[in-house]
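Computed over heavy atoms, backbone and side chain alike; hydrogens, waters and symmetry mates excluded.
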Amino acid sequence: MADQAVVRSETTAEALFSPASALFSAFLGTGSDDPAGYGAAFGQLLVPGIIAVLLAARARSA
């Protein structure tokens with residue numbers, strides 16, 4: 001049972017961090033400076049949390 005939880009958390013982490021890492025690499029590949037790449041990747045990591053907060057607020061009001 002614990003092994004399944006570890007695999008699930010690793011899969012979730014990969015799903016979140018892989019696109020952010022690719023976005024960061026794409027910004028660096030285009031010659032952008034580091035802050036732009038970091039900002040874009042960090043912004044992408046915030047999206048799931050923001051969606052969760054919005055859905056939770058919507059569920060409370062319903």
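- Hydrophobic clustering (ILVMFWY, side-chain heavy atoms < 4.5 Å, transitive): Leu55 and Val47 are in one cluster.
- Note that the CG atom of Leu23 and the CG atom of Leu45 stand 9.5 Å from one another [nearest 0.5 Å].
- Distance alone, capped at 3.5 Å, is enough to place a donor-acceptor pair between the Ser18 side chain and the Glu14 backbone.
- Contact between Phe24 and Ala41 at its shortest, heavy atoms only, is CB-CB, 4.1 Å.
- Between Ala36 and Ser32 the shortest heavy-atom distance is CB-CB, 4.3 Å.
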